[in-house]
Amino acid sequence: MEPSDLAQKHTRFRIAVCKLAVSSSLVRTEKIQMAISQEEQHAGGGRDYAEPAPQPFLGSSELRRWSLYRAAIAEFVATLLFLYVTVATCTAGVSGGHVNPAVTLGLLVARKVTLLRAALYVAAQCLGAVCGAGLVRALNSAHFARHGGGANVVGDGYSKGAGLAAEVAGTFVLVYTVFSATDAKRSARDSHIPVLAPLPIGFAVFVVHLATIPITGTGINPARSFGAAVVYNQPNAWHDQWIFWVGPLVGSAIATLYHEHVLRASTLKALGSFKGARQ
């Protein structure tokens, strides 16, 4: 065998040995990474819950889905019944589905629903509220008139600023409780505690009522305030109507931003992921 052939074989042998060493190194690296990942999960670094995917902002594709219109009909019927019960007893309450434009706005800001779905929900809620209040008036007009149609107004002795602050604070408590009670992370962490979401939400609304009934009659739901004002249709029902829209919507937006971007730190997580991707 010629020296050149021996040199070529020796070179190929060294290349094969190098490849084997590199492959072994890669296998060891992958095993180490898997072990680290498993340790992080055991230490609490891994998620044991599924986050809902963010919804597109507009969501025009939903126009072709029956589920959108079925949900809108459900919002209409629920708000109609909601207004019938609350106005008939001359008290306010809270949404069971959304049944509240403030809750719908919070879910829109948190990207839980699309803009199209949110707009349709709010329209259905307001229409259902008007029909519910109208049903009360048709069945018991004397009771309806005697209690001012159940319309929300700022109470005697309170300023408009106090009424606005009460609506902002009350809706903040409501929407924050809705997010906390339906949080996927909390549900996974406390899965051994069978707590239904309506229970803490209902208790939060009860507390808000105790604090704000003397001030505004407790609106915290623009659709509820709007429906009663439309059917009662007296000047005093419209004087402060803006308070029962601005207050709940502002309170809802603040609660959503606080829960999503302060407590859940979704903005910081997204920024960290972006930086990690660039590196």
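Residue numbers start at 1 and run along the sequence shown. Note that the structure is a prediction, hence the values are computed from the model and not measured.
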Quick check: do Phe244 and Asn221 have side-chain heavy atoms less than 4.5 Å from each other? no
For side chain to side chain donor-acceptor pair (under 3.5 Å), just list the numbers for Thr212 and Glu167, CA-CA rounded to whole Å, side-chain angles, deciding distance to a tenth of an Å, and then say yes or no. CA-CA 8 Å; Thr212 61; Glu167 289 297 306; 5.4 Å; no
Atom CG in Leu164, atom OG in Ser159: separation rounded to 0.5 Å? 9.5 Å
In terms of hydrophobic clustering (I, L, V, M, F, W, Y; side-chain heavy atoms under 4.5 Å; direct or indirect links), are Leu127 and Tyr121 co-clustered? no
Do you know the tightest heavy-atom contact between Gly219 and Ser225? CA-OG, 4.0 Å
I would like to know whether Phe179 and Leu107 meet side chain to side chain contact (heavy atoms under 4.5 Å, CB included); could you show each step before the answer? CA-CA 9 Å; Phe179 275 102; Leu107 295 174; 4.0 Å; yes
For Val250 and Phe172, what are the C-alpha separation, side-chain angles and deciding distance, and is it a side chain to side chain contact (heavy atoms under 4.5 Å, CB included)? CA-CA 8 Å; Val250 170; Phe172 177 92; over 6 Å; no
Under 3.5 Å: donor-acceptor pair, side chain of Asn152, backbone of Gln241: no
Taking the six-membered ring for Trp, are Tyr258 and Tyr176 parallel (under 30°), tilted (30 to 60°) or perpendicular (over 60°)? tilted
Asp240 side chain vs Ile243 backbone, donor-acceptor pair below 3.5 Å: no
Which heavy atom in Ala166 sits nearest to a heavy atom in Thr216, and how many Å separate them? CB-CG2, 4.4 Å
With side chain to side chain contact (heavy atoms under 4.5 Å, CB included) as the test, would you mind laying out the steps for Leu108 and Thr114 before giving the verdict? CA-CA 6 Å; Leu108 173 64; Thr114 64; 5.9 Å; no
Closest approach of Leu105 and Leu249, non-hydrogen atoms and distance? CD2-O, 3.5 Å
Where do Thr104 and Gln125 land on the side chain to side chain donor-acceptor pair (under 3.5 Å) test, with the steps shown first? CA-CA 10 Å; Thr104 301; Gln125 290 158 3; 3.1 Å; yes
Is the backbone of Ala255 close enough, under 3.5 Å, to the side chain of His259 for a donor and an acceptor to pair up by distance? no
dist Ser141:OG -> Arg146:CZ (nearest 0.5 Å) comes out at 10.0 Å
With heavy-atom distances below 4.5 Å as the criterion, would you say the side chains of Thr177 and Val173 are in contact? yes
Establish whether Val246 and Val122 are linked, either directly or via other cluster members, by ILVMFWY side-chain heavy-atom contacts under 4.5 Å. no
What's the spacing between Lys112 NZ and Thr256 OG1 if we round to 0.5 Å? 10.0 Å
Should Val262 and Leu257 count as side-chain neighbours, where that means a heavy-atom distance under 4.5 Å? no
Are Ile220 and Ile201 grouped together when hydrophobic residues (ILVMFWY) are joined by side-chain heavy atoms under 4.5 angstrom apart? yes
Within a strict 4.5 Å, meaning less than it, do heavy atoms of the Phe226 and Trp245 side chains meet? yes
Interatomic distance, CG@Asn233 vs CH2@Trp238, rounded to 0.5 Å, equals 6.5 Å
Shortest non-hydrogen pair, Ala162 vs Ile215, comes out as O-CG2, 4.0 Å
Any side-chain to backbone donor/acceptor pair from Ser252 onto Ala102? Under 3.5 Å, distance only. yes
Flag the pair Asn100 / Pro222 as yes when at least one side-chain heavy-atom distance between them is below 4.5 Å, and no otherwise. yes
For residues Gly149 and Ala228, report the shortest heavy-atom separation together with the two atoms involved. O-CB, 3.5 Å
Looking only at non-hydrogen atoms, find the nearest pair between Ala229 and Ala237 and report the distance. CB-O, 3.8 Å
Could you go step by step and tell me if Val231 and Val130 meet the side chain to side chain contact (heavy atoms under 4.5 Å, CB included) rule? CA-CA 7 Å; Val231 176; Val130 172; 4.2 Å; yes
